[in-house]
Structure formats: C-alpha cells, structure tokens
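Encoded as structure tokens, the structure appears first; notes follow it.
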There are 2 protein chains.
Amino acid sequence: MSSTTIDTPTKILTATLALLERPGAKLPTMSDIARASGVSRQAVYLHFPGRTDLLIAATRLQDMQNDIDAALTASRSATSGTERLDAFVTAWGNYIPKIYGVARAILAVVDTDAEAAAAWNTRMADMREGCAAAVQALANEGTLPANVDPEQATDLLWTILSVRTWENLTQTCGWDQACYIDTVRGLALAALAQDVGALTDVLACPDPPA
Amino acid sequence: MSSTTIDTPTKILTATLALLERPGAKLPTMSDIARASGVSRQAVYLHFPGRTDLLIAATRLQDMQNDIDAALTASRSATSGTERLDAFVTAWGNYIPKIYGVARAILAVVDTDAEAAAAWNTRMADMREGCAAAVQALANEGTLPANVDPEQATDLLWTILSVRTWENLTQTCGWDQACYIDTVRGLALAALAQDVGALTDVLACPDPPA
DNA sequence: GCTGTCAATTGACACTGTGTCAAGCGACTT
DNA sequence: AAGTCGCTTGACACAGTGTCAATTGACAGC
C-alpha cells in the first residue's frame, strides 16, 4: 500500500521537474506546478516555503536521481592529468543537459532572488572544485605550463564549462551534444595543456545543417 | 532656450541608462525609472509602449553614444587575419563593460519576453557578423586550419566573446578587464589560429588577489 | 484676452503572480 | 465520539505592469 502511495512533497517535486524538463517550456508558476502535481496551490506552500525553495529542492532531488557525484568522482581515478581533464569535461558536459531545465529556472531568478543566487553559487562552487582538481593534476605532471597561475586556469576552465556556454553552443547555435563535448574538450586542452591538434580536428566534426 | 530644454523621452532614456549602469543595482521598475526621470509613471507610458520597448530604446541610444560601429569597423582595416581577430576581440571586449548594465536588464527578461529576445538576438547577430568576418580573414590567409568549418569556428568565437563569458570572468571571478581581454584574445588565437603561446603567457598575468 | 491643442499629471482600475490566513472537510487513530 | 493530520477552499495583501479618463497648465493663433 505505502509502496504505491506517493507522498505529496515528492509528487510536487517530480511534477516540477517534469515541467522544467519540457524543452522550450515557459517557466512554470506556482499554479502551474500545483495543477501538474494534482494538488491545490496552497498544498505546495504547505510543503515548501516559496518558489525559490521549491526550485532548490527540485535540484537536490535531481542531483540525487542523476548521481552527479559518482560521475564526477569517476574522473578522479584517471591516471594522467590530461586524461583526468578529459574525463571531467566529459562527465560534466554530459551532465549539463540533464540539469538544464532546472538550471534555467534558477538562473532566471538569480538576478532578483538572493537565496536562489546563493544556492546556485554553492552548486557552481562544487563544480569549480572539480575544475581546480583537474588543473592541479595537469600541474602535477607538468602539462600545465609552469608560468600559468592555477587559480586563473581554474577560472577559465570553469567558464568554458559553464551552463551558459553549453546553452550558447547547443541551444542557440544548435550544436549536437557530442560536437559540444568534443569542442569544449579541445578548447580546454588547447588552453591548459597547449594541445591544439585536438581542437582543430574537432571543429571539422560533422555539423548537422540545422 | 531649446538647447537647455531636454525633451521628455530623452530625459527618460538617460535616467534609465543611469539606473542600469549603477554597478550591482537591482533591476529598476517603471516607477523607479519615472522617479529618476523626474516625471510621472504615466508619462513613461506616454512615450514608450512598455518596459521592454523602453529597454530596447535605451540600448539603441547607448549604441549611438558609444558608436559601436566605428569601433568594430576599425577592426576591418587590419591587414593580417590575426591582427584583425585581435582588433575585433579588443574592440568588442572593451565594449561589453559599457553595455553590461543594459544587457543584464534585457537578458533578465529574455526568458519571458519574446520581443526582448528578438531584440537581443538581432544585436548579437550583428556581433556575430564581426566574428564571421574575422574567421573569414583567418581562412583567407590560411591561418585557420583548412579542415575547420568556418560556421563552427564562428559559433565558437561568438561564444567566447559572449556577454555571459565576460560576466563570468570579470564579475563572478573578479578578473581585471585588461586580463579578461588578454585571456580571451589568447583563447581565440589558440582555438582558431593554433597559436597557443599567447594564451599561456597571459594566464600568468598579474592577478589582483581579490 | 480667448480658445484650442498638446504634454503631462492624478488617481483610479484590471490583471498576473507571490505569499498569507482562516475555516472547513474527510480519513484515520485512539 | 473526539481528536488529529493533510489537504482544500476561498479570501486577502502586496508588488508590478499596463490602461483609462478627467484634469491642469503652458503655449500657440486668432
């Protein structure tokens, strides 16, 4: 019995995720979410203090469902620094499309909502640690040029791997996900490991003529 | 007489720009704008159909004041392709901070307002032409590797030069504007001209310890 | 000076969306 | 039978956008 009954907070969160993950969807209102959850609007407020908190809770559920940590820690087992960078770029780059719907909704309120901004910043700080670790691995094996500041290299990698960059290339320019991954990997290798061949090969990747 | 009297639309637009250009400012409401213009809220609606139209008009005024076209066309006179890329990156990269306040306000409503999205897209399409021209110049002189697709190279350069990338590096990471320019130029040269030395030199640029 | 016109003001209103409050209702416990 | 828990219903306050109508004030032309 209890196995078939879904509790209301979960119903709300899964409905929210479903709404946010519809490609090209308008950002849902609290009424939209309540309707989609099959629950009254007030019931939503009974379980979540406000829209922002609900969105944040939705990201947490999503992170658990997708087990981002497992994907990212896998990159730590790579032996060489270059392989590690490669693994990290691939893992994160393939994670972005899964979270994009929710990320979009949070990014849309980050300008006006300090709480949302804080939540997003922590999330991105976590990702930045992965960037820093990859940069460190490159530095350890001497692939990162000695005169390069690791902090700045991390900032740059972090920016290259940002959701906005993914959004630009795949959503606005219409790139294939595989093409995005290859390009971003090549860009990271060129920027941090002075390996330029990978990128130019990739920029010739089969471009679906829109 | 008429030289000292400023007409109301101009008063509104300049007040709007002043509000938007305050660093770290909250996004202004129509009431804020009216108050700052020394005019009633309804007077604003008398001259602009709505908030979006007002923002768009503000960007047009700003473009005129800053004469973006002059700055960008200057890059066309560069002889070599590399110099041209360099000039374009510098011109656009130094233009971004001037428009950032307004860009932020427009980007904030792009998700919910189709008209704003359209206006922003045209603006960015103009900038993309500059990217395409720079890529073409590189291709003409053979600096762009022959197997690289110019369309994709343009997309990539356009993304590297996006306002979001500038925002990430200078606003979130706290980079110096000069450092941003050098890095982005280096990244573009590495990605499109296989010149990797420029970037690694730059990533060691004096980083103000926040 | 009188009148018409135009720009702007004032104050009201509708609408959307968020968030709060209080009363009620049904099912399940004890 | 009483109490409690989770949810519903319907009302409300508030901010922000956009609309409308009546009014004011200045500046024209006659």
Side-chain angles (χ1 to χ4, degrees), chain A residues 1-16 19-20 25-59 102 104-119, chain B residues 1-16 19-20 25-59 102 104-119:
Chain A
M1 314 298 174
S2 70
S3 65
T4 60
T5 307
I6 312 148
D7 73 338
T8 308
T10 309
K11 265 197 326 200
I12 295 170
L13 286 177
T14 53
T16 304
L19 284 181
L20 291 172
K26 291 255 155 268
L27 298 174
T29 67
M30 291 300 260
S31 301
D32 294 333
I33 290 168
R35 202 174 314 119
S37 314
V39 120
S40 72
R41 194 171 68 93
Q42 280 56 33
V44 180
Y45 284 102
L46 229 50
H47 296 283
F48 303 94
R51 192 172 191 276
T52 301
D53 314 79
L54 173 56
L55 289 178
I56 293 169
T59 71
V102 187
R104 235 185 99 231
I106 294 200
L107 284 170
V109 295
V110 148
D111 272 316
T112 55
D113 186 325
E115 197 190 346
Chain B
M1 316 300 172
S2 71
S3 65
T4 60
T5 306
I6 312 146
D7 73 336
T8 307
T10 310
K11 267 198 323 201
I12 295 170
L13 286 177
T14 52
T16 304
L19 284 180
L20 291 172
K26 292 257 155 264
L27 298 175
T29 68
M30 292 300 261
S31 302
D32 293 333
I33 290 168
R35 201 174 315 120
S37 314
V39 119
S40 71
R41 193 171 70 93
Q42 280 56 32
V44 180
Y45 284 102
L46 228 52
H47 296 283
F48 304 94
R51 192 172 191 277
T52 301
D53 314 78
L54 172 55
L55 289 178
I56 294 169
T59 72
V102 187
R104 235 184 101 230
I106 294 200
L107 284 170
V109 295
V110 149
D111 272 315
T112 55
D113 187 324
E115 198 190 345

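Just so we're on the same page: letters track the sequence lines, and every chain starts at 1. A quick note: this is a predicted structure, and the numbers were derived from the prediction, not measured. The analysis underlying the following values was restricted to heavy atoms, covering all of them including side chains, and did not include hydrogens, waters or symmetry mates.
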Rounded distance in Å - CG (D7(B)) to P (dC6(C)):
17 Å
Any side-chain N or O of H47(B) below 4.0 angstrom from OP1/OP2 of dA8(C)?
yes
Over all heavy atoms of both residues, which pair between D111(B) and K26(A) is shortest? Give the atoms and the distance, please.
O-NZ, 4.2 Å
Identify which nucleotide among dT8(D), dG19(C), dA12(C) has an atom closest to any side-chain atom of R41(A), counting heavy atoms from C-beta outward.
dG19(C)
Side chain of Y45(A) (C-beta onward), nearest among dT18(C), dT9(C), dT17(D):
dT18(C)
Just how far is it from atom CG of D7(B) to atom NE2 of H47(B), taken to the nearest 0.5 Å?
8.0 Å
What nucleic acid atoms does T29(A) come within less than 4.0 Å of, heavy atoms only: base, sugar-phosphate, or nothing?
sugar-phosphate
Between C1' of dT20(C) and CG of D53(A), the distance in whole Å
15 Å
Counting only side-chain heavy atoms from C-beta out, which of dT8(D), dG18(D), dG19(C) sits nearest to S40(A)?
dT8(D)
Considering only heavy side-chain atoms of M30(A), the closest of dT18(C), dT9(C), dG18(D) is dT18(C)
Which listed nucleotide (dT19(D), dA8(C), dT9(D)) is nearest to the side chain of Q42(A)?
dT9(D)
Within this structure, what is the CG-to-P distance between L54(A) and dG17(C), rounded to whole angstrom?
16 Å
When rounded to whole Å, the CG to P distance for the pair D113(B) and dT17(D) reads 12 Å
What is the separation between atom CD1 on I33(B) and atom P on dG18(D), rounded to the nearest whole Å?
10 Å
If you look at every heavy atom in D32(A) and P28(A), which pair is closest and at what distance?
OD2-CA, 3.4 Å
L46(A) has an atom CG; how far is it from atom C1' of dG10(D), in whole Å?
15 Å
Can you tell me which residue among T14(A), L13(A), I12(A) is in a side chain to side chain contact (heavy atoms under 4.5 Å, CB included) with T10(A)?
T14(A)
Atom-pair distance (CG on L27(B); C1' on dT17(D)), nearest Å:
15 Å
Could you check whether any side-chain N or O of R104(B) sits under 3.5 Å from a backbone N or O of A25(B), counting only pairs where one atom can act as donor and the other as acceptor?
yes
How close or far is atom C1' of dG17(C) from atom CZ of R51(A), stated in whole angstroms?
10 Å
